[in-house]
Amino acid sequence: MTADRSGAVDRRGGTSDAPRPVFETTRGVRVPSITAAEMRAVDRAAVDDVGLPLLSMMENAGRNLAKASRAVVGGLPQDAAVLAGGGGNGGGGLAAARHLANHGTDVTVVLDRDRDALEGAPASQAAALDATSATLVHGDGAVHDAVDVVLDVDLAIDALVGYGLTDELDGTAADLAQVVDQGSKRSLSLDVPSGFDATTGDAPGRAVHPDATLTLALPKTGLDGVPGDLLLGDIGIPDGVYERADVPAPDPSVFGGQYVVALAVVDA
Ligand SMILES: NC(=O)C1=CN([C@@H]2O[C@H](COP(=O)(O)OP(=O)(O)OC[C@H]3O[C@@H](n4cnc5c(N)ncnc54)[C@H](O)[C@@H]3O)[C@@H](O)[C@H]2O)[C@H](O)CC1
Ligand SMILES: [K+]
């Protein structure tokens, strides 16, 4: 195996200039793919260079995720479990949990850590969630509680880890991923199925194998090989941010008035 597009190991055994997958919307609009490092640069430029708050992007991610859950279930889920980590991915899951609860879904959130361990934007999302009817389970016993909940509900939402995965999924997040894979009726992952590397598509350990993934802003290069349907969510990043990050901006016709669109791979 040789170095890939990001310096990580490429499951395609490719070289540093290995071709990237190209995706296409159902209306035939091509969408380029980007690595986790490039997406991180886009996020950084959005926040530091143009002052777009992280919470705004996270809110858009969570609202789109709640909306995408309707597509996976075939209507508003009656009940849902949201498995959430402590980073930006978990924060998006917490925002989705609030939107679903606001619309009448019976939501249980299972955090992969103590609630007191949350900081920054995810902590703000958890505080806002407290004002809803959603139940939050965390800390010791979270995995045990998750087993019963996930088996019962219409939909399990995987917001454990996104493009911030380092090495193989471990600890409570890995146990929760296994619960989703073995026990859920349907599952929807945020940005990247937890346990899969966003850039290479490798899953070196346990991972969620969802019915669908809602990825954010642009599809990540590793998503061409992951199981399930692929959706793309617009989180409001302006053209100039992509330019600053030296990343190709999506053509305006990719979304064309929608905030969530379906994608297929055209060139793997
Ligand atoms: N513009 C955007 O695309 C936005 C994306 N958002 C979402 O944020 C994540 C990236 O957030 P970040 O905090 O950088 O990383 P993650 O949440 O993906 O992961 C960090 C989290 O995961 C834990 N972790 C890492 N590796 C492992 C492992 N091997 N086993 C177990 N746990 C692991 C780590 O401890 C941290 O707690 C992106 O994917 C989007 O979903 C923003 O919400 C909005 C803007
Ligand atoms: K995820």
Side-chain angles (χ1 to χ4, degrees), residues 34-48 50 52-65 68 82-96 111-115 117-126 138 143 156-178 180-181 187-199 202-220 222-223 226-228 230-238 241-242 245 247 249-250:
I34 62 171
T35 65
E38 287 167 341
M39 190 64 221
R40 201 176 285 287
V42 169
D43 283 348
R44 199 179 307 116
V47 174
D48 295 345
V50 308
L52 193 60
L54 177 61
L55 267 175
S56 302
M57 293 188 283
M58 192 177 274
E59 185 70 21
N60 288 333
R63 190 169 156 186
N64 286 341
L65 188 60
V82 178
L83 297 307
N89 201 253
L94 294 168
L111 264 187
D112 73 356
R113 64 201 64 209
D114 279 338
R115 191 229 162 99
L118 294 180
E119 294 175 348
S124 301
Q125 292 292 354
H138 65 112
V143 176
I157 293 182
D158 153 38
L160 291 163
V161 187
Y163 66 54
L165 179 79
T166 49
D167 298 321
E168 69 180 61
L169 201 60
D170 64 6
T172 304
D175 292 341
L176 292 175
Q178 195 168 344
V180 171
D181 251 21
S187 55
L188 169 63
S189 290
L190 177 58
D191 208 17
V192 183
S194 299
F196 282 88
D197 183 293
T199 299
D202 286 331
R206 284 181 281 176
V208 174
H209 297 75
D211 293 293
T213 297
L214 174 75
T215 197
L216 302 173
L218 282 171
K220 315 305 174 291
L223 287 174
V226 305
L230 185 60
L231 304 169
L232 179 68
D234 175 12
I235 54 171
I237 296 175
V241 164
Y242 293 100
V247 164

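Here, residue 1 is the first one in the sequence, and each next residue gets the next number. One-based numbering, in listed order, for ligands and for the atoms of each.
Nearest protein heavy-atom neighbour of atom 15 (O) of ligand 1: Gly164 CA, 3.5 Å. What sits closest to atom 1 (N) of ligand 1 on the protein, heavy atoms only, is Asp43 OD1, 2.2 Å. The protein atom (non-hydrogen) at minimum distance from atom 31 (C) of ligand 1 is Asp170 OD1, 3.3 Å. In this structure, the protein non-hydrogen atom closest to atom 39 (O) of ligand 1 is Asp191 OD2, 2.6 Å. With hydrogens left out, the protein atom closest to atom 26 (N) of ligand 1 is Thr166 N, 3.1 Å, a heavy atom.
Atoms of ligand 1 lying under 4.0 Å from at least one heavy atom of Arg113, given by number and element, are 35 (O), 37 (O). Close approach of ligand 1 to Leu169 is summarised as follows: ligand atoms under 4.0 Å from at least one heavy atom of the residue are 28 (C), 29 (N), 30 (N), 31 (C). Close approach of ligand 1 to Arg40 (heavy-atom distance below 4.0 Å) involves ligand atoms 14 (O). Of all atoms in ligand 1, numbered sequentially from 1 with element shown, those under 4.0 Å from a heavy atom of Gly86 are 37 (O). Short contacts between ligand 1 and Glu168, defined as distances under 4.0 Å to a heavy atom of the residue, involve ligand atoms 28 (C), 29 (N), 30 (N).
The shortest N or O to N or O distance between Leu216 and ligand 1 is not below 3.5 Å. Considering backbone and side-chain atoms together, Met39 places no N or O closer than 3.5 Å to any N or O of ligand 1. Between Gly162 and ligand 1, a contact under 3.5 Å exists for at least one N or O pair.
Contact annotation for Val161 and ligand 1: heavy atoms of both the backbone and the side chain come within less than 4.0 Å of the ligand. When heavy-atom distances to ligand 1 are checked against a 4.0 Å cut-off, Val42 has no atom that comes that close, whether in backbone or side chain. With a 4.0 Å heavy-atom cut-off, ligand 1 is reached by the backbone of Asn89 and by its side chain too.
Residue Lys220 forms a side-chain contact (heavy atoms from CB on, under 4.5 Å) with just one option from Asp197, Thr199, Asp191, and that option is Asp191.
Looking at Leu118 and Leu94, their side chains come closer than 4.5 Å, going by heavy atoms from C-beta outward. Taking the side chain as every heavy atom from C-beta outward, Thr213 and Pro227 never approach each other to under 4.5 Å. A heavy-atom distance below 4.5 Å is found between the side chains of Phe196 and His209. When side chains are defined from C-beta on, Val226 does not count as touching Val192, because their heavy atoms never get closer than 4.5 Å. Residues Leu52 and Val241 are not in side-chain contact: their nearest non-hydrogen atoms beyond the backbone lie 4.5 Å or more apart. Looking at heavy atoms from C-beta onward, Val42 lies out of side-chain contact with Glu38 at the 4.5 angstrom threshold. Side-chain contact between Thr172 and Val143 is present, with at least one heavy-atom pair separated by less than 4.5 Å.
Listed for the Ser194 side chain is a donor-acceptor partner under 3.5 Å among the backbone atoms of Val161. Looking at Asp112, its side chain never comes within 3.5 Å of a backbone N or O of Leu83 through a donor-acceptor pair.
The nearest non-hydrogen atom to atom 20 (C) of ligand 1, considering only Ala121, Gly236, Gly87, Gly90, comes from Gly87. Across Glu119, Arg206, Gln125, Met57, heavy-atom proximity to atom 45 (C) of ligand 1 is greatest for Met57. The option with the heavy atom closest to atom 27 (C) of ligand 1, from among Leu94, Thr172, Leu165, is Leu165. Checking Gly92, Gly171, Gly88 against atom 42 (C) of ligand 1, the nearest heavy atom belongs to Gly88.
Among residue pairs with one or both ends in residues 206-215, those qualifying as salt bridge (charged side-chain N to carboxylate O under 4.0 Å, His left out) are Asp175-Arg206; sequence neighbours excluded.
Angle subtended at the K ion (ligand 2) by Val192 O and Val161 O: 80°, rounded to 10 degrees. Geometry about the K ion (ligand 2) gives an angle of 80° between OD1 of Asn89 and O of Leu190, rounded in steps of 10 degrees.
Not a single N/O/S atom of Thr213, whether from backbone or side chain, sits less than 3.4 Å from the K ion (ligand 2).
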Check against side-chain contact (heavy atoms from CB on, under 4.5 Å), Asp43 and Arg40: CA-CA 5 Å; Asp43 283 348; Arg40 201 176 285 287; 5.6 Å; no
Intermediate values then yes/no, side-chain hydrogen bond (donor to acceptor under 3.5 Å, both in side chains), Asp158 and Ser187: CA-CA 7 Å; Asp158 153 38; Ser187 55; over 6 Å; no
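Applying the side chain to side chain donor-acceptor pair (under 3.5 Å) criterion to His138, with sequence neighbours excluded, gives no partner residue.
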